[in-house]
Amino acid sequence: THITPFSMFLLSKNDVSPPSRVWIGIIGMSVGIVAGVVLTRAYIAKHVKSSSLALRRTYTPGETPLPPNQEFGRSTKIFDTDQLQSCYHLMISSVTPRPIALVSSRHPDTNIDNVAPFSYFGVVAHKPPMLAIGFCRQSGQKKDTLVNIEQSKQFCVNIMSEWYLDAANHTCGEFASNVDEFTASGLTKAACQVVNAPRVQQAGVSYECELEYMHRLVSPKDNQPTTEIVLARVVRVHVDESLLIENYNPQKPRLETNKLKPLGRLGGNVYCTLGELIDIPRPKV
């Protein structure tokens with residue numbers, strides 16, 4: 001009679017006593033669990049960075065956090081900002097990531113449209129909704145966007161997203177004031193409802209803004225103006241419907257940030273994406 005590997009398995013199984021079968025089952029289950037752990041760790045190692053927040057050590061309230069490495073904390077360099085030739089690289093490489101305002105505006109006299117990105121930007125209030133943007137001068141000269149805002153008192157802030165990064169980045173070139181960056185970059189103009197300025201059609205979110213207040217900063221060394229900080233009131237918000245959460249409350253709309261795919265700015269010319277996300281509930285005290 002021909003004996004196959006399968007029939008040998010059946011014969012060996014029949015020869016095993018019930019207690020032994022139990023132990024074989026336990027061993028088999030343990031091997032399966034170990035294999036599952038190994039495969040899970042292998043997957044995490046391949047798809048999740050070693051600095052992943054998902055792999056962080058368990059925190060106990062009141063516990064002192066551990067430093068990132070053995071060198072951290074041994075020596076601290078202190079910079080006197082009044083003594084530095086420039087704080088630019090120090091600031092933009094440490095205050096990160098920064099959201100980006102792709103500002104579109106229109107000159108009220110020439111009707112020339114302008115669009116450019118600014119990363120000294122953030123939301124500062126929601127009741128009323130307010131945005132703040134810092135416009136740094138270049139060699140003492142105001143940028144075209146700031147000139148348009150000063151004269152028209154209106155503009156639009158568009159959120160930069162991954163799908164049109166290159167076109168949006170192209171608008172930060174040193175174009176002459178009579179050049180329409182929409183045309184130069186390939187971005188599409190869309191109408192605003194209230195303000196006299198175009199919005200970027202490619203943007204998933206656009207804020208129609210009116211100038212609320214402008215504050216000028218001067219250099220402590222020569223007292224020359226260097227920056228204008230613009231505080232803007234949001235009067236309309238344009239949101240692509242595909243980005244809104246399912247069954248959203250029309251009175252309290254909300255977006256799926258993952259779908260918006262917003263971009264941030266780091267030091268130098270480096271952009272960043274959302275990357276890893278982690279939802280941590282607020283502590284109950």
Side-chain angles (χ1 to χ4, degrees), residues 85-93 95-122 131-152 154-192 195-209 211 214 216-217 224-230 232 238 260-273:
Q85 181 179 354
S86 172
C87 295
Y88 174 71
H89 293 291
L90 179 62
M91 296 299 290
I92 69 166
S93 61
V95 182
T96 57
R98 300 184 305 282
I100 306 169
L102 185 63
V103 182
S104 49
S105 59
R106 175 173 292 155
H107 195 285
D109 297 329
T110 64
N111 285 324
I112 295 177
D113 294 328
N114 180 278
V115 59
F118 299 89
S119 67
Y120 287 179
F121 163 64
L131 302 175
I133 310 174
F135 294 92
C136 297
R137 298 192 182 195
Q138 191 165 17
S139 300
Q141 300 299 311
K142 298 177 182 178
K143 294 185 177 180
D144 296 337
T145 299
L146 180 62
V147 172
N148 291 351
I149 293 174
E150 280 186 312
Q151 297 195 23
S152 69
Q154 298 178 331
F155 60 100
C156 187
V157 171
N158 308 273
I159 298 299
M160 279 181 60
S161 294
E162 294 179 22
W163 56 81
Y164 70 103
L165 165 62
D166 293 294
N169 180 73
H170 190 73
T171 66
C172 69
E174 298 298 326
F175 295 99
S177 58
N178 62 347
V179 173
D180 186 329
E181 284 90 350
F182 276 93
T183 302
S185 65
L187 292 172
T188 308
K189 298 178 186 180
C192 283
V195 306
N196 182 26
R199 61 184 177 88
V200 176
Q201 183 174 312
Q202 285 76 14
V205 177
S206 298
Y207 305 95
E208 294 189 35
C209 299
L211 178 62
M214 184 179 296
R216 179 172 297 168
L217 299 178
Q224 293 299 307
T226 62
T227 306
E228 273 77 17
I229 299 176
V230 167
H238 299 252
L260 179 59
K261 298 183 183 298
L263 294 166
R265 197 63 189 264
L266 306 179
N269 296 321
V270 182
Y271 291 92
C272 66
T273 60

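Start at 1 with the first residue, then count along the sequence. Values in this document were obtained by computation on a predicted structure and should not be read as measured data.
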Chemist: Looking only at heavy atoms, which two atoms of T188 and F182 are closest? And how far apart?
Modeler: O-CE2, 3.8 Å
Chemist: With sequence neighbours excluded, what pairs up with L217 under the side chain to side chain contact (heavy atoms under 4.5 Å, CB included) test?
Modeler: H215, T226, T227, I229
Chemist: Would you please say whether a donor-acceptor pair under 3.5 Å links the side chains of N158 and S104?
Modeler: yes
Chemist: Any chance you could measure Y120, atom OH, to I92, atom CD1, to the nearest 0.5 Å?
Modeler: 6.0 Å
Chemist: Measure from the side-chain N and O atoms of Q138 to the backbone N and O of K143, and report whether any donor-acceptor pair falls under 3.5 Å.
Modeler: no
Chemist: Compare every heavy atom of P117 with every heavy atom of T171, then report the nearest pair and how far apart it is.
Modeler: OG1-CD, 3.2 Å
Chemist: Can you list the residues that meet the ring pair (Phe, Tyr, Trp, His ring centres under 6.0 Å) rule with F121, with sequence neighbours excluded?
Modeler: none
Chemist: From S161 OG over to Q202 CD, what is the distance, rounded to the nearest 0.5 angstrom?
Modeler: 11.0 Å
Chemist: First locate atom OG of S185, then atom CZ of F175, and finally report the distance between them rounded to the nearest 0.5 Å.
Modeler: 7.5 Å
Chemist: How many angstroms lie between CG in N269 and CG in N169, if you round to the nearest 0.5 Å?
Modeler: 7.5 Å
Chemist: Evaluate side chain to side chain contact (heavy atoms under 4.5 Å, CB included) for T273 paired with K261, printing each intermediate quantity in order.
Modeler: CA-CA 7 Å; T273 60; K261 298 183 183 298; over 6 Å; no
Chemist: Does the R265 side chain pair with the main chain of C272, one donor and one acceptor, at a distance under 3.5 Å?
Modeler: no
Chemist: Excluding sequence neighbours, so at least two apart, what forms salt bridge (Lys or Arg N to Asp or Glu O under 4.0 Å) with E208?
Modeler: none
Chemist: Counting heavy atoms not belonging to D109, are there more than 12 under 6.0 Å from its CG?
Modeler: yes
Chemist: Could you check whether any side-chain N or O of S139 sits under 3.5 Å from a backbone N or O of Q141, counting only pairs where one atom can act as donor and the other as acceptor?
Modeler: no
Chemist: Determine whether Y164 and L187 make a side-chain contact, defined as any pair of heavy atoms from C-beta on separated by less than 4.5 Å.
Modeler: yes
Chemist: Please identify each residue that fulfils side chain to side chain contact (heavy atoms under 4.5 Å, CB included) with N111, with sequence neighbours left out.
Modeler: R106
Chemist: Quickly, which of N196, N148, V195 forms a side-chain contact (heavy atoms from CB on, under 4.5 Å) with S105? Name it, please.
Modeler: N148
Chemist: Can you confirm whether R98 sits close enough to M91 that some side-chain heavy atom of one is under 4.5 Å from a side-chain heavy atom of the other?
Modeler: no
Chemist: With side chains defined as the heavy atoms from C-beta onward, is the minimum distance between I133 and V157 less than 4.5 Å?
Modeler: yes
Chemist: Who pairs with E150 by salt bridge (Lys or Arg N to Asp or Glu O under 4.0 Å), at least two apart in sequence or on another chain?
Modeler: K142
Chemist: For the atom pair OG1 (T145) and CZ (F118), what is the distance rounded to the nearest 0.5 Å?
Modeler: 3.5 Å
Chemist: Report yes or no: do S177 and D144 form a side-chain donor-acceptor pair below 3.5 Å?
Modeler: no
Chemist: Rounded to the nearest 0.5 Å, what separates atom CD in E228 from atom SG in C136?
Modeler: 9.5 Å
Chemist: Going by salt bridge (charged side-chain N to carboxylate O under 4.0 Å, His left out), name the pairs with one or both residues in residues 172-187, residues two or more places apart or in two chains.
Modeler: D180-K189
